[in-house]
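All ligand and atom numbering here is 1-based and tracks the order in the structure.
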Amino acid sequence: MDCIFAPRVVSVEQNKFLCPKFLGLPEIARFGVPDLPPLLDVEINVHEQYQKTCRDLKRLAASFEKRPRIIEEALRSAELAQENYEAALRLGKTPQDVLSGTEDKHRKESVRVAVLGHAYNLNDKFISMNLLSKLREFGAEVITSEMLKAEEIEQGAAITEKEIYWTFGKELMGSAFHLMEEGKINGIILVAAFGCGPDSLVCEMVERIYRRGKKAPVLMLTIDEHTGEAGVVTRLEAFIDMLRWREAV
Ligand code: SF4
């Protein structure tokens with residue numbers, strides 16, 4: 001490996017920020033892992049320095065390719081690829097479906113389950129223990145934040161009195177409340193990382209509001225490196241069985 005791309009992602013939208021661990025990622029990697037290849041460290045800060053971020057990305061690209069026209073074209077292609085990818089997700093595909101080119105055979109199942117958590121946890125097969133695929137195997141239609149439109153998430157997040165200024169927290173909360181209002185899900189699974197400060201607050205609020213309104217059953221899954229797969233499978237199966245039973249009565 002010649003180098004590792006480890007950007008410092010401060011913000012990806014106006015007035016919202018990522019958690020401090022993203023801000024410190026290059027340093028955590030640089031000082032925490034011995035003998036790393038060179039890190040390509042660029043700051044992504046849409047909130048304060050959008051133009052500077054664009055310039056920095058071009059400067060980084062210039063260390064591989066000197067011709068500005070090729071760099072511009074590469075940036076445009078990257079933007080287009082991202083737009084196409086996001087459009088595919090909105091059609092109800094998971095990142096795994098899109099990247100592997102497979103079709104979801106479990107669309108329009110009898111139970112619709114919202115699975116909300118940070119994308120880098122949910123879509124990492126190792127960390128989430130392949131949660132999304134397991135739910136589909138149990139016969140559930142899975143809905144994630146990535147399948148919703150930005151306006152739907154914003155509208156859901158507007159329920160809270162105070163604005164959530166963490167991008168991932170806002171996404172989770174906005175999706176949960178939009179789906180709650182829409183009333184088209186049978187249950188919701190909240191996936192939180194053990195030790196995550198924002199999750200401990202956001203997931204707790206979502207759980208309380210769902211329980212108070214008796215809108216849909218909530219399963220709270222807190223995962224870390226000690227979480228056993230067998231325990232997760234048992235809880236998922238029991239949850240889906242319970243949702244099916246509720247639908248049948
Ligand atoms: S899981 Fe929580 S603590 Fe970890 S990077 Fe994401 S927001 Fe930060």
Side-chain angles (χ1 to χ4, degrees), residues 4-33 36 39-48 53 82 86 89 94-96 114-132 134-135 142-148 150 153-154 156-157 159-160 162-179 188-210 218-229 231-232 235-236:
I4 298 178
F5 182 53
R8 181 188 319 283
V9 190
V10 178
S11 72
V12 290
E13 58 184 329
Q14 287 292 317
N15 300 319
K16 303 276 180 297
F17 299 90
L18 272 78
C19 136
K21 285 176 189 156
F22 281 91
L23 276 61
L25 179 67
E27 278 74 32
I28 295 171
R30 191 169 285 126
F31 298 111
V33 187
L36 273 186
L39 292 184
L40 303 177
D41 163 6
V42 63
E43 181 168 314
I44 315 261
N45 188 343
V46 171
H47 172 68
E48 275 181 7
T53 297
Q82 182 67 20
E86 288 177 11
L89 297 179
T94 63
Q96 180 65 19
V115 188
L116 304 181
H118 304 186
Y120 46 85
N121 288 333
L122 280 188
N123 298 308
D124 184 315
K125 284 188 187 176
F126 176 72
I127 292 177
S128 76
M129 288 159 281
N130 220 354
L131 179 75
L132 301 180
K134 283 196 173 78
L135 283 166
V142 167
I143 321 280
T144 65
S145 301
E146 291 151 327
M147 297 173 188
L148 302 179
I153 294 179
E154 291 297 335
I159 267 189
T160 53
K162 275 195 162 183
E163 221 181 309
I164 303 274
Y165 54 86
W166 300 301
T167 287
F168 292 121
K170 181 205 72 176
E171 231 174 62
L172 195 152
M173 204 173 247
S175 309
F177 296 146
H178 167 76
L179 292 165
I188 178 166
I189 300 179
L190 301 173
V191 182
F194 181 77
C196 170
D199 273 356
S200 65
L201 178 76
V202 170
C203 292
E204 179 70 23
M205 275 177 75
V206 170
E207 194 180 8
R208 283 186 191 200
I209 294 177
Y210 261 71
V218 181
L219 173 67
M220 178 82 202
L221 277 182
T222 306
I223 49 173
D224 69 1
E225 64 274 33
H226 302 295
T227 309
E229 188 168 345
V232 170
R235 293 184 70 195
L236 292 179

### T53 side-chain N/O to N45 backbone N/O, donor-acceptor pair under 3.5 Å
yes

### Query
Identify the closest protein heavy atom to atom 4 (Fe) of ligand 1: which residue and atom is it, and at what distance?
K21 CD, 4.1 Å

### Any side-chain donor near an acceptor of the partner, E163 and N15, under 3.5 Å
no

### Query
Can you tell me the protein heavy atom closest to atom 8 (Fe) of ligand 1 and the distance?
C19 SG, 2.2 Å

### Protein residue, atom and distance nearest to atom 6 (Fe) of ligand 1, heavy-atom basis
Y120 OH, 2.0 Å

### Query
Starting from atom 2 (Fe) of ligand 1, which protein heavy atom do you reach first, and at what distance in Å?
C196 SG, 2.2 Å

### Message
For the backbone of L23 and the side chain of R8, can you confirm whether one donor and one acceptor N or O come within less than 3.5 Å of each other?
### Response
yes

### Task
Output the list of atoms in ligand 1 that are nearer than 4.0 Å to some heavy atom of F22, sorted by atom number.
5 (S)

#### Entry: Within 6.0 angstrom of Y120 OH, more than 12 heavy atoms from elsewhere
yes

### Message
Using every non-hydrogen atom in the two residues, find where F177 and G156 come nearest and quote the distance to one decimal.
### Response
CB-O, 3.4 Å

